[in-house]
Amino acid sequence: MTVTEQQLGQRIRIARERFHLTPQELGEFVDLAASTIEAIEQGARRAESRELLRIAFATGRHASEFFDERFADSGALSALFLANAQIRDRRALTMALQQGIAFALQFASLENMLGIDRAAALPAAVDLPAPLDREEAVAQGRGVASDERARLDRHGLLFDRMQHLLETQGVGSVAVDLPEDVSGLMLCEPRIGAFVLFNAAQSPARRRFSLAHEYGHVLMDRHLLGSLSAMRREGDLTELRADAFAAEFLTPWGRGSANDADPCEGHQQSDGRSASLGRLLSLACEAFRRDEISRRKLFEIGRTFGIERDTVAGVIRALGLG
């Protein structure tokens, strides 16, 4: 399908509006003047490839979506999160969501190129009625956690590396710079599958608990498409249920809380980013080896997600890719 400059501009405008951004706000995110954004949206100026990549990043989409005949004028993620005024009015949170969604989209894109079906490993959703009170929420969370632990124990899976455990169950994850009062975010959307964002500033013990908490959301609440977990959330029974899940799930370390000491703390990365970025770079290098992406694209992916050029070049040499 050939997309005219007018059609491309219209789609960019739709994507911007669904993210509740003004031309000036989008321009600030992508380092363009508001007048330039308006010219692009009106079809008077065509977006350059790098500009389009930044616009897609800022609006929670993949750049290829703007050229897809099935272009959706209402992205599920933008409708779910950024239509919420409490999120929209918090710039730091909006930027963290953009960063995490962009990572998840790139991760899923590389998996698709390589024929990796992460969704095939995803456990079945647990169908639960909405809890009526705190007691029922805790009982539901503990019950699901106990069943899930028993299932995973039968497969001999280890619980000391939570990111790796989630990956074996079809759940991607990445650490992002979430505000201090937000511990994590669960996404479950067709373009990216099940994905968890967690706060890069958390301690290893808090991070372990957050990942288990979000895994509980994946099992019990994926029909919501996503769930934002704030550390101060009085009266939210869905969040209380996920907390109960995490506390029970993390036995035999004790049915404690997010502040419990982690006996495997020494095995955790300083902020949880390294494992995610390493996995992304591994996928990108394999796509490069198979000629699915160019060397330039490989370096571009690294630059987008903060992987230094020398690091990417070193991995290319180590893998014998030239």
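Residue numbers count from 1 along this sequence.
Considering every non-hydrogen atom in both L52 and F67, the closest pair reads CD2-CE1, 3.3 Å. Of all the heavy atoms in T59 and F66, the pair that sits closest is OG1-CZ, 4.2 Å. Taking all atoms of both residues into account, the shortest heavy-atom contact from R118 to A194 is NH1-O, 2.7 Å.
By the side-chain hydrogen bond (donor to acceptor under 3.5 Å, both in side chains) test, D177 pairs with R273, sequence neighbours left out. Taking the salt bridge (Lys or Arg N to Asp or Glu O under 4.0 Å) definition, one finds that R54 meets it with nothing, sequence neighbours left out. A search for side-chain contact (heavy atoms from CB on, under 4.5 Å) contacts involving A137 returns P131, L237, L240, R241, not counting sequence neighbours. Residues satisfying the salt bridge (Lys or Arg N to Asp or Glu O under 4.0 Å) test with R289, not counting sequence neighbours, are E286. With sequence neighbours excluded, no residue forms a side-chain hydrogen bond (donor to acceptor under 3.5 Å, both in side chains) with Q6. Residues satisfying the side-chain hydrogen bond (donor to acceptor under 3.5 Å, both in side chains) criterion with S64, sequence neighbours excluded, are H62. Scored by the side-chain contact (heavy atoms from CB on, under 4.5 Å) test, E292 finds M113, A287, R290 as partners (sequence neighbours excluded). A search for salt bridge (Lys or Arg N to Asp or Glu O under 4.0 Å) contacts involving D117 returns nothing, not counting sequence neighbours. Under the rule for a salt bridge (Lys or Arg N to Asp or Glu O under 4.0 Å), the partners of E65 that lie at least two apart in sequence or sit in another chain are R61, R191.
Relative ring orientation between F103 and F107 is described as parallel, the plane-to-plane angle staying below 30° on a 0-90° scale split at 30° and 60°.
Two residues are said to be in side-chain contact when any heavy atoms from C-beta on lie closer than 4.5 Å; F198 and S173 meet this criterion.
Put simply, CZ on F71 and CG on L8 are 9.0 Å apart, with the number rounded to the nearest 0.5 Å. Note: R208 CZ to S203 OG = 9.0 Å, rounded to the nearest 0.5 Å. Between the OG atom in S276 and the CZ atom in R279 there is a gap of 11.0 Å [rounded to 0.5 Å]. Here D243 contributes atom CG and S183 contributes atom OG; the two are 8.0 Å apart, rounded to the nearest 0.5 Å. We find the CE-CG distance between M186 and D221 to be 5.5 Å, quoted to the nearest 0.5 Å.
With hydrogens and angles disregarded, no donor-acceptor distance shorter than 3.5 Å links the side chain of Q169 to the backbone of L166.
Atom CD of Q24 sits in a sparse spot, with 12 or fewer heavy atoms from other residues, nucleotides or ligands closer than 6.0 Å.
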Result block: side-chain N/O donor-acceptor pairs under 3.5 angstrom for residues 298-322, not counting sequence neighbours:
from	atom 1	to	atom 2	distance (Å)
E300	OE2	K297	NZ	3.2
T304	OG1	E300	O	2.9

Which pairs of donor and acceptor atoms, one on a side chain in residues 25-41, lie under 3.5 Å apart (sequence neighbours left out)?
from	atom 1	to	atom 2	distance (Å)
E25	OE1	T22	N	2.9
E41	OE1	R16	NH2	3.1
E41	OE2	R16	NE	2.6

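Applying the ring pair (Phe, Tyr, Trp, His ring centres under 6.0 Å) test to every pair with at least one member in residues 126-148, sequence neighbours left out, gives no pairs at all.
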**Prompt:** Can you check side-chain contact (heavy atoms from CB on, under 4.5 Å) on L277 and V174, steps first, answer last?
**Reply:** CA-CA 8 Å; L277 293 177; V174 64; 5.6 Å; no
**Request:** Begin with the C-alpha distance, continue with both residues' side-chain angles, and end with the deciding distance and a verdict on side-chain contact (heavy atoms from CB on, under 4.5 Å) for Y215 and E148.
**Result:** CA-CA 10 Å; Y215 185 51; E148 183 64 6; 2.6 Å; yes
